[in-house]
Amino acid sequence: MRQAPTMLQAAAAALTAFSLSGCMTPPPRLDLALEHTTAQGRYVVTLVPPQEAPAINQIHAWKVKVASPDGNPVTAARIAVDGGMPQHGHGLPTQPLVRRQVAEGTYLLEGMKFSMTGWWEVKLALEAPQGPDKVTFNVVVSDPAVSRK
């Protein structure tokens, strides 16, 4: 007769499953483009990652380029950041902010952090002279330490 697992064994199994879950496979054909037209078509937004892939649990900055559909830079935009891991049901581990424009139509997104590998969504809500709009980017994060080996 097989013995029921102890609480310690059950907890260890759950912890192992949780730690491996960061490696969930993203959906097939996931759109990983870093340039998208917003939902209402008011803006074309480009998400620019850091030059070097950030390590897990490391704070880093991205840039957000905002242009009109005809390619003119959009200045005086306010951008709110949200997101998370759809496969895990949790949000971003930090509260990233876009506080300033660093060039015409280019904004600095500070305070980004990914707490595990896998599929993340970065959601931007824009408020600018052409009106409010939203865009979502899919980002798949791998462990840069593993990638370099």
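As a basis for the values below, the full set of heavy atoms in this structure was taken, side chains included, without hydrogen atoms, waters or symmetry mates. Positions are given from 1, in the same order as the sequence printed here. None of the values given here were measured: they were computed from a predicted structure.
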(Q) Among residues at least two apart in sequence or on other chains, which ones pass side chain to side chain donor-acceptor pair (under 3.5 Å) with His36? (A) none
Q: Check for a donor-acceptor pair, side chain of His60 on one end and backbone N or O of Met112 on the other, with a separation under 3.5 Å.
A: yes
(Q) Would the distance check show the side chain of Tyr43 and the main-chain N or O of Gly131 forming a donor-acceptor pair, the cut-off being under 3.5 Å? (A) yes
**Q.** For Glu35, side chain to side chain donor-acceptor pair (under 3.5 Å) partners two or more places apart
**A.** Thr46
Q.
Any non-hydrogen side-chain atom of Tyr107 less than 4.5 Å from a side-chain atom of Arg99?
A. no
Q: Please write out which residues are connected to Ile59 in a hydrophobic cluster, directly or through intermediates, given that two of Ile, Leu, Val, Met, Phe, Trp, Tyr count as joined at side-chain heavy-atom separations below 4.5 angstrom.
A: none
Q) Which heavy atom of Leu109 sits nearest a heavy atom of Pro96, and at what distance? A) CD2-CB, 3.7 Å
Q: Quick one: do Val139 and Leu32 satisfy side chain to side chain contact (heavy atoms under 4.5 Å, CB included)? Show the steps, please.
A: CA-CA 6 Å; Val139 177; Leu32 298 175; over 6 Å; no
Q. Restricting to pairs with a member in residues 130-141, which pass side chain to side chain donor-acceptor pair (under 3.5 Å), not counting sequence neighbours?
A. Thr38-Asp133, Trp119-Asn138
(Q) Test of understanding: with side chain to side chain donor-acceptor pair (under 3.5 Å), list the residues that count as partners of Asn72, not counting sequence neighbours. (A) Asp70
Q.
With heavy-atom distances below 4.5 Å as the criterion, would you say the side chains of Leu34 and Val48 are in contact?
A. no
Q) Partners of Pro73 by side chain to side chain contact (heavy atoms under 4.5 Å, CB included), sequence neighbours excluded? A) Glu104
Q.
Does any part of the side chain of Asp31, heavy atoms only, come nearer than 4.5 Å to the side chain of Phe137, both counted from C-beta?
A. no
Q: Identify, with sequence neighbours excluded, every residue that meets side chain to side chain donor-acceptor pair (under 3.5 Å) alongside Trp120.
A: none
**Q.** Contacts of type side chain to side chain contact (heavy atoms under 4.5 Å, CB included), residue Thr37, not counting sequence neighbours
**A.** Val44
Q. For Glu121, which residues count as a salt bridge (charged side-chain N to carboxylate O under 4.0 Å, His left out) partner, sequence neighbours excluded?
A. Lys123
Q: Please step through side chain to side chain contact (heavy atoms under 4.5 Å, CB included) for the pair Lys65 and Val45, ending with a clear verdict.
A: CA-CA 6 Å; Lys65 294 183 178 184; Val45 181; over 6 Å; no
Q: Measure the shortest side-chain to side-chain distance between Lys113 and Asn57 over non-hydrogen atoms and say whether it is less than 4.5 angstrom.
A: yes
Q: Return the set of residues passing side chain to side chain contact (heavy atoms under 4.5 Å, CB included) with Leu108 (not counting sequence neighbours), or none when no residue passes.
A: Ala61, Lys63, Arg100, Val102, Glu110
Q | Test item: Leu124 and Leu126 side chains (from C-beta on) under 4.5 Å apart, heavy atoms | A | yes
Between side-chain atoms of residues 76-87 and protein atoms elsewhere (two or more places apart, or another chain), which donor-acceptor pairs fall under 3.5 Å?
| from | atom 1 | to | atom 2 | distance (Å) |
| --- | --- | --- | --- | --- |
| Gln87 | NE2 | Thr25 | O | 2.9 |

